[in-house]
Amino acid sequence: MTDRENSLSPGGLGRPRADRRIEILAPAGSEESLRAAVCAGADAVYIGGTRFGARAYAKNLTEDELLRAIDYVHIHGRRIYLTVNTLLKDSELEGLYEYLLPYYLQGLDGVIVQDMGVLKYLREYLPELPIHGSTQMTITGADGVEFLKSQKVVRVVPARELSLSEIRRMKEKTGMEIECFVHGALCYCYSGQCLLSSMIGGRSGNRGQCAQPCRLPWQAEGREPLNLMSLKDLCTINILPELIEAGIDSFKIEGRMKQPDYVYTVTGIYRKYVDLYLEKGVEGYKVEKADRDRLYGAYKRRGYTEGYYRRHNGKEMVSFQRMPGEKPEPDLQEFKIQEKINGNLILSVGERAKLVLAHNDLQVVCEGETVEPALRQPLNAERAEKQMRKTGGTQFQFERFSVKMDGKGFLPVQALNELRREGLLRLTEAILNRYRRGEPKAYTQGHTFRTGEGGIPSEYKPYLSCVVQTFRQLEAVLDCENIETVYIDDELGLQSEVRRYLSGSRKARRYFLAMPYIFRMTDRKAWEAFYAELQSFYDGVLIRNWESYQWLSSHGYEKEICSDANLYVFNGYGKTFMKEKGIGKYTAPAELNVRELKRLGIRDASLQVYGYQPVMVTANCIQKTVGRCRLGERSQGEREYLYLRDRYQKRFAVRKRCRYCYNVIYNSAPLFLGDLAEEIRELMPGELRLDFTVETKEQAREIIRLYEEAFLRRQKQAPPQTEYTRGHFKRGVK
């Protein structure tokens, strides 16, 4: 389908092409939910297996159940996508091929992927398997979509925080399949950018185990505790025409943890109203009150919102208090659907009975027992047809059936039943054979993964770097001779007076510009004017999203590109992926422990050894939720921050990135690894990074001194007296 074929009439909402089909993509957390989705009209379902899915606590399907599910949806002409949308460690990647191979051979229609290492692995070993870029990749613009397209991804699930105009731009510029959420729960954080559950409770959202601490009460300083980070559920039934016009190809319903009756109700209503619009256009589009009430009543938890499609953020999206629990009565119906087929039974005395079955463009022929001359009562056509139409619990139902008889013959009922069973079996096989694949030749049994990088060379010397957000922190860093690379936050580094200051004090160190966590379409325009200065002044950049990478690539940027920890490198294939993209240094992820980092090998990586780690990047604004937008009143310095407290009175700094309209929420205690210098030396990280956020100049200077003594002079340090965390350096995540 070309982009032009996919478009609607110009000049606003109109009548789309009558032959356009919008995919309704439903969740299937169980076999019952899968059948409910198909019966309700879903074109496709997404489902998790026993491993690697972002809903570890759903009733995920076993291998046999999933193989049956693949056949079930294909019999009914639907599609099925498997979630492999978690970050995989090297030890897990070794088992990925064997895990996916049965589903690949069975005809799985696609996998949903977050990990770039997994993406590279699948392209190498299962090249015919379509890959969908998960919303966990935090794709927020056409540049990010273009990047994934270049990696042979066939569909993108962009961030849920995008506007309709941004989605339309993605579609127009790239022509890629776009899948967007239309109903269900909304995360407060950009998906893939959340470490809150991981850091405070050890249950990682990147590993499918989020404990949802954001849904609990939080307290902005000076105010009562409220559910400040609990968004209402998404419901777009009223704006479906606008979503269709934006070019969205697949409407995704959230809810793999929900019950089958919920899946059936929600899927059926979205199917009905998408089809209504495609048939009658905007003039005939009207949502009946009864349907809207059924949709709202399917799951009452925290109210509903239309999400970010027509607004950037706002307190109206927040559910400050959880609504009283109210579940509908469970629908006890059996979810059953049968495919319409046509049949022709030919009975000629002295010949074998013949059954011809047709389904769409498929036809199969099956022969049964020989028709004998009737000794008493011959078999008549009406009786034969009645018996053959008894398809019962099969996946098929006869729409038309004819019987052609030659002579007065007889065939036992048992023979008719056997002929019907054999015919339906052959038809099933013929349908499913269209989906089957042969085993790929690329994978070699016994394939081994490179792990570790040998012992510590005698000449190994730790290399110190710093990330700074304020001018005072920058001054503290420049006072220290041993800091070889300075990553300057873009809020600071874009200021011309800062660059003049650096030009006057440039020493034998490198200056990198740390680009924003989120780089949306409007941000790209602002950065165009700065590109020449970026190219000429800075020695390189630190990127935190694939939009930044693609933007730099489109300009032919040739200086060094480093990636931050949120562009996750969890395995050896991820490392190779980064190298192939020309990324000179990646940052080790925050969720691997020391043993896993050793196995991964981080000689070419930056390792954060100090700092308040980001636990959330959010489009919704805490300042705007508890008060009002202060964009026009903001000036430089600590006023960029406000603070939240959790139920244990832990204090979390929130940085207001007003230039880009997002918040960064940092952990309540800083990562401190200064007293573990010898253990870290054994890892031989390519760089030891100190990240400064809220620290004063004096605090930054003292922290640098401590790490110089620990890593450069090898003086043993004691843990600090103030609160700190080891992050996941010791414990890791499951």
Side-chain angles (χ1 to χ4, degrees), residues 1-2 21 23 25 28 43-53 61 63-86 88 92-134 136-137 145-157 174-179 249-250 360-362 428-447 449 571-574 576-577 580:
M1 181 184 293
T2 67
R21 180 75 171 178
E23 180 184 84
L25 177 57
D43 300 287
V45 297
Y46 63 104
I47 197 164
T50 55
R51 304 175 70 185
F52 313 133
L61 273 63
E63 181 177 306
D64 287 343
E65 290 171 337
L66 189 46
L67 292 173
R68 288 200 302 268
I70 293 171
D71 286 350
Y72 176 82
V73 298
H74 287 162
I75 286 292
H76 296 292
R78 319 299 170 88
R79 293 174 293 277
I80 185 167
Y81 312 129
L82 181 66
T83 57
V84 189
N85 54 343
T86 57
L88 271 64
E92 298 165 325
L93 202 57
E94 292 176 352
L96 183 59
Y97 182 85
E98 288 79 7
Y99 170 72
L100 288 179
L101 182 62
Y103 312 137
Y104 175 87
L105 299 177
Q106 199 84 351
L108 180 67
D109 296 289
V111 288
I112 306 168
V113 168
Q114 173 189 14
D115 189 324
M116 291 299 181
V118 171
L119 188 155
K120 175 176 172 55
Y121 179 96
L122 294 178
R123 288 276 63 82
E124 184 171 344
Y125 294 120
L126 296 173
E128 294 182 25
L129 185 59
I131 294 178
H132 299 182
S134 170
Q136 293 283 119
M137 287 184 174
V145 178
E146 199 68 56
F147 172 74
L148 291 186
K149 185 177 182 180
S150 71
Q151 308 310 308
K152 299 182 181 178
V153 172
V154 302
R155 176 185 290 189
V156 176
V157 190
T174 69
M176 279 276 278
E177 287 186 19
I178 303 295
E179 174 186 309
D249 300 285
S250 177
N360 296 330
D361 61 339
L362 272 180
T428 299
E429 291 174 346
I431 294 171
L432 296 180
N433 281 339
R434 291 185 164 186
Y435 295 92
R436 300 288 194 257
R437 299 186 182 96
E439 186 163 357
K441 296 181 172 62
Y443 186 81
T444 303
Q445 288 291 341
H447 172 81
F449 289 72
N571 50 64
Y573 274 83
T576 303
F577 182 88
E580 290 176 350

Test item: L108 and L66 side chains (from C-beta on) under 4.5 Å apart, heavy atoms | no
To the nearest 0.5 angstrom, please state how far the OG1 atom of T50 sits from the CD atom of E65.
-> 10.0 Å
Looking only at heavy atoms, which two atoms of I131 and L119 are closest? And how far apart?
-> CD1-O, 4.0 Å
How far does CZ of R123 sit from CD of E128, to the nearest 0.5 angstrom?
-> 10.0 Å
Are V111 and V118 close enough that some pair of their side-chain heavy atoms sits under 4.5 Å apart?
-> no
Of the non-hydrogen atoms in E94 and E98, which two are nearest, and what is the gap between them?
-> O-OE1, 3.3 Å
Gap between atom OH of Y81 and atom CZ of R155 - 0.5 Å precision = 4.0 Å
So, does N85 use its side chain to make a donor-acceptor pair with the main chain of I112 at under 3.5 Å?
-> no
Search all heavy atoms of L126 against all heavy atoms of Y97 and return the closest pair with its distance.
-> CD2-CE1, 3.7 Å
Sorted by chain and number, sequence neighbours left out, ring pair (Phe, Tyr, Trp, His ring centres under 6.0 Å) with Y99 holds for F52, Y103
Exercise: identify the closest heavy-atom pair between D115 and V113 | O-CG1, 3.4 Å
Please test M116 against L148 for side-chain contact (heavy atoms from CB on, under 4.5 Å), starting from the C-alpha separation and ending with a verdict.
-> CA-CA 10 Å; M116 291 299 181; L148 291 186; 3.7 Å; yes
Do D109 and H74 meet the criterion of a side-chain donor-acceptor pair at a distance under 3.5 Å?
-> yes
Taking NZ, NE, NH1 and NH2 as the nitrogens, is one of them in R51 or E92 under 4.0 Å from a carboxylate oxygen of the other?
-> no
dist S250:OG -> E179:CD (nearest 0.5 Å) comes out at 4.0 Å
Determine, stepwise, if the pair L105 / E439 fulfils side-chain contact (heavy atoms from CB on, under 4.5 Å).
-> CA-CA 7 Å; L105 299 177; E439 186 163 357; 4.1 Å; yes
How many angstroms lie between atom OH of Y435 and atom CD1 of I75, to the nearest 0.5 angstrom?
-> 8.5 Å
So which heavy atom on V154 is nearest to which on H132, and how close?
-> CG2-CD2, 3.7 Å
L82/I47 under side-chain contact (heavy atoms from CB on, under 4.5 Å): CA gap, chis, key distance, verdict = CA-CA 5 Å; L82 181 66; I47 197 164; 4.3 Å; yes
With the side chain counted from C-beta on, respond yes when K120 and E580 share a heavy-atom pair under 4.5 Å apart, and no when they do not.
-> yes
N-O pairing of R436 and D71 below 4.0 Å = yes
Which heavy-atom pair separates L67 from P102 by the least distance, and what is that distance?
-> CD2-O, 3.5 Å
How far does CG of L122 sit from NZ of K152, to the nearest 0.5 angstrom?
-> 13.0 Å
Sidechain-backbone polar pair: R79 side chain, L25 backbone, donor-acceptor under 3.5 Å = no
Intermediate values then yes/no, side-chain contact (heavy atoms from CB on, under 4.5 Å), T174 and V156 = CA-CA 11 Å; T174 69; V156 176; over 6 Å; no
pair L61-R68: side-chain heavy atoms closer than 4.5 Å = no
